[in-house]
Amino acid sequence: EPEVTQTPSHQVTQMGQEVILRCVPISNHLYFYWYRQILGQKVEFLVSFYNNEISEKSEIFDDQFSVERPDGSNFTLKIRSTKLEDSAMYFCASSEPMWQTEAFFGQGTRLTVV
Amino acid sequence: AQSVTQPDIHITVSEGASLELRCNYSYGATPYLFWYVQSPGQGLQLLLKYFSGDTLVQGIKGFEAEFKRSQSSFNLRKPSVHWSDAAEYFCAVDRGSTLGRLYFGRGTQLTVWP
């Protein structure tokens, strides 16, 4: 069964460093998303991406964050100058280009900022 | 503002007992509704979804959910819980666009006693 793949599964970084979280969405999907879950809190939407541009972003997704689809298979989330409060589980998701469809989630990347 | 409420943070049931996890949403129209499950170290797996039509939907692993418009609820049920059902369960709402931003509840942690 096709699945969304995220790498790495766990990333530890020092405060102020840049990190790139990588995702390989399901191959025929055209909508891509990033969500995050701070420990003990809700899963929160960060950004959606379609046709090589951001479709919607939440108030969390400030200038510190950026997304990119550098090639035909990868979808990345870059966090510049990480802060302690960026520590969270980051989920990538993708969905088909059709009405009434569900998002498929990856297993997540646990980001720890020290 | 979108709001999804899962009033039970933690539920404990005995194996073989029935289960009901509650979910309420606040949104003017009928949204798309989802239940996801997250096992330890795993991503978010879709259990079931509601877009329209029959208000009782069947999902994987023997789960079902009923949409009640009058109560703005989408409760998840299972007649007989198995030990492997122990996980965290998330209710999520999509306002109905093709670029579906999901709003998640806080999650309900299910513990199953043998």
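Here the structure is a predicted model, which means the values were calculated and not measured. Proteins come first, then strands; the chains are lettered A, B, ... in the order of their sequence lines, and each starts at number 1.
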field: Side chain A:Tyr35, main chain B:Leu102, donor-acceptor under 3.5 Å
entry: yes

Co-membership, hydrophobic cluster, residues A:Tyr90 and A:Val4, 4.5 Å side-chain: no

query: Cluster question for you: counting only ILVMFWY and a side-chain heavy-atom cut-off of under 4.5 Å, with indirect links fine, are B:Val81 and B:Trp113 together?
result: no

field: Shared hydrophobic cluster for A:Phe45 and B:Phe34 (ILVMFWY, side-chain gaps under 4.5 Å)
entry: yes

message: Can you list the residues of residues 14-27 of chain A that sit under 4.5 Å from chain B, counting heavy atoms only?
response: none

- line: On a heavy-atom basis, the closest approach of A:Val43 and B:Phe90 is CG2-CE2, 4.2 Å

task: Answer yes if A:Leu84 and A:Ile60 sit in the same cluster of Ile, Leu, Val, Met, Phe, Trp and Tyr residues linked by side chain heavy atoms under 4.5 Å apart, and no otherwise.
output: yes

task: Return the option, out of B:Gly43, B:Ala92, B:Gly107, with the maximum number of heavy-atom pairs under 4.5 Å with chain A.
output: B:Gly43

query: Among A:Gln41, A:Glu3, A:Lys42, A:Gln107, which has the most heavy-atom pairs under 4.5 Å with chain B?
result: A:Lys42

query: Around B:Ile9, counting heavy atoms of other residues, nucleotides and ligands shown, do more than 12 lie under 6.0 Å from its CD1?
result: no

- line: dist A:Glu102:CD -> B:Leu48:CG (nearest 0.5 Å) comes out at 10.5 Å

message: So for atom CD1, which belongs to B:Ile60, do other residues, nucleotides or ligands contribute more than 12 heavy atoms lying within a distance under 6.0 Å?
response: yes

message: Can you tell me if A:Asp63 has over 12 outside heavy atoms packed within less than 6.0 Å of its CG?
response: no

- request: With side chain to side chain contact (heavy atoms under 4.5 Å, CB included) as the test, would you mind laying out the steps for A:Ser55 and B:Arg101 before giving the verdict?
  value: CA-CA 10 Å; A:Ser55 303; B:Arg101 170 178 178 168; over 6 Å; no

message: Please classify the contact of B:Gln45 with chain A as side chain, backbone, both or neither, using a heavy-atom distance under 4.5 Å.
response: neither

message: Heavy-atom cut-off 4.5 Å, strictly under: side chain, backbone, both or neither for A:Gln6 against chain B?
response: neither

- request: Indicate, with yes or no, if B:Leu47 and A:Phe104 share a hydrophobic cluster defined by side-chain heavy-atom contacts under 4.5 Å among Ile, Leu, Val, Met, Phe, Trp and Tyr.
  value: no

- prompt: Once you round to the nearest 0.5 Å, how far does CZ of B:Phe104 lie from CZ of A:Phe91?
  reply: 8.5 Å

